[in-house]
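Working notes, beginning with the structure itself.
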Amino acid sequence: MSVQTAVRSVATPEQQVALGRLMAEPETSVSDAPLYSPQAAGLALLLALLLVSPSVPEEPKKK
Amino acid sequence: MSTAVAHAAHEISSRAITWLHANRHLGGFPSETTADLGDPDSVYKPLSETVLLSSLVLREGVAGPGEAQHARELLDFAWQQVREGDLLYERQLRHSVLTDPLETYAHFARSGKRHEGLEELLAHSAALGALTEVMPNRRLAVANARRIVGIGDGEDWAELTRVTWLGATPQPWAIDWMTGYCLTHTVFHLTDWGARPEDMPEDLADYVATWLPVWIDIWSEVEQWDLVAELLIVGVCLPEPLFQEADWKRLAGVQHADGLVPRDGAPVDDDPLQRFSDQQHPTIVAAIAGTLALSRLLST
Amino acid sequence: MTTDGRIAQLSIADAAATLAGRILDAFHGDEFTGLADHVDSCADQVVALGAVRLVGADVFAPHLLLSRPLAGRDVAVVADSFAYFPAVGEPDTHERRVTAWRDWATATVLTRLAGTGPDEAVVFAPPPDTASAVLGPADAWQQWSVHVAQLSPLALPEVGGPVVEAVGREGKALARGAVRAVLRRDYVNAARLARWVALLSHSGTRLPLDPVLLVEQIRLHGGTGPRLLLDLAVARHQLGIEPA
């Protein structure tokens, strides 16, 4: 085994902990779900139907 | 029945109605308003939505005596604002292909406030087949309003539904914020705001039942409370209603002590007028959601 | 986390991406150099072995899906990865449970492919735990699907076992999780779930979404990370669609 002769006998504790974390990677902590955007709204907000949406945010908001 | 959901739904709607009632005078027309309505979105649209809420509170009959009285007073306030229908009549007369007088009037008519001249105009307009071109879900709003008022010869609901976003049952991730609202309104009008859940075509009902929890989840995470509350109404309108306790508790949790329900996670303005104009819509939506949910829970 | 810990995590993640790129080459019709040659060519071989352990059963994707021959030296490399990174003891935390299941999948596939049991270090005959202990209840489909994504190397043919069976019974929860990941634009997670969607679809489970369109959506929006692309290549193969 070329590998065994070339390397240390065991990973460092940091490496072992790191591997554990990578095994169970969480989902992204911040969602990038679709929000209001002027492009998507288009003409629909011009006298939109009843209840269709609130008055729009001043700035397209990114989370 | 889920007692926890019923409790949250009742809390949300009664507090929201109280806030809307207390602030109603911030939502009146300027004194010189004519049927042209310089900015229809500023007062007219929210006023119409207030009428919708009041008509649903009175239709469902599950509000406490105080809230029911508030709903009647909100309705009276709005009826007086539109000069007992004359403003809608003048607007329809001048702009014969517009649909908003009909859409607003339907909820007055449902509550017993009728205007004979306007109904004649609306019936004539339906007979002409004259309608400004609107988005497909908005076309369903017109169909539902005509059904409520009792004008026209009926509509081809299947065809009207087929051309909406929902009618195509797209892959469920092919949706954005605005399309989310289109989806909710297709369900609102098809079921006349939860009164006719059985009118949802079966395949659409299955589709919505499968994916609604996902949409509620992703828009709750990014604190889009207005859209989330509309999606909760959709759940109430399904043939097999969807009531997830966590959703209702979350919405109750973001409601302010005075009853306001914020549009989203952004800070709420302190200025009373700005605050009302920004947050009136989500508060109305939440009031409708709570009212319809409580009613559906009590009837099942 | 300490700086050393962060560096270790980044270097193993980088090495895993490189390894995934090698495996991906096999799906694109290129020569698959083999694990042993790959590890030999890496500057830090412990890190490279960590990557082998992390990529886990997916190192055998070319053998399982493309019938590439398995060399004895490659078997030894996997055994080395267990020697240098000792298997977790009692699976008493979620992270350890996930690790134990992934290791189990690696050992299971290796045993199948190598014919006989691999090195002594890699004998995990019984599943480490119940499926519900690692996945949680499917009613809580958001968290359940994140756990399913963490176990994506199990979404290979020939792995089987309790987790695969449990996921196979929850097509709707899985589909919801995948759509949620796409809508959150978490494409790494979405691709991991798409593999499960493809596995279920391949086994004839009815799903409320179109698996081919899901994979294509992620391919067009998900960027070029080699591990994501490897997940998609596995999914595409299961769905019977040509490599992109």
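First the proteins, then the strands, lettered A, B, ... as listed; each starts at 1.
Residue B:E202 places its CD atom among 12 or fewer non-hydrogen atoms of other residues, nucleotides or ligands, all under 6.0 Å distant. Around the CG atom of B:D270, the shell of radius 6.0 Å holds no more than 12 heavy atoms that belong to other residues, nucleotides or ligands. Other residues, nucleotides and ligands contribute at most 12 non-hydrogen atoms within 6.0 Å of the NE2 atom of C:H202.
Atom CH2 of B:W173 and atom CG of C:L214 lie 4.5 Å apart (nearest 0.5 Å). In this structure, the separation between CG on C:L183 and CD1 on B:I175 is 7.5 Å, given to the nearest 0.5 Å.
In terms of non-hydrogen atom pairs under 4.5 Å with chain B, the most contact-rich of C:R180, C:Q217, C:Q142, C:R176 is C:R176.
No donor-acceptor pair under 3.5 Å is formed between the side chain of C:R184 and the backbone N or O of B:I218.
If you measure heavy-atom distances from C:A178 to chain B, you find no contacts under 4.5 Å at all. Looking at C:V182, the atoms closer than 4.5 Å to chain B (heavy atoms on both sides) all sit in the side chain, from C-beta outward.
Minimum heavy-atom separation, C:W141 to B:D217: CH2-CB, 4.1 Å.
Residues C:P208 and B:Y207 form no side-chain contact, since every pair of their non-hydrogen atoms from C-beta on lies 4.5 Å or further apart.
For the 3.5 Å distance criterion, the side chains of C:D210 and B:Q171 fail to qualify, holding no donor opposite an acceptor.
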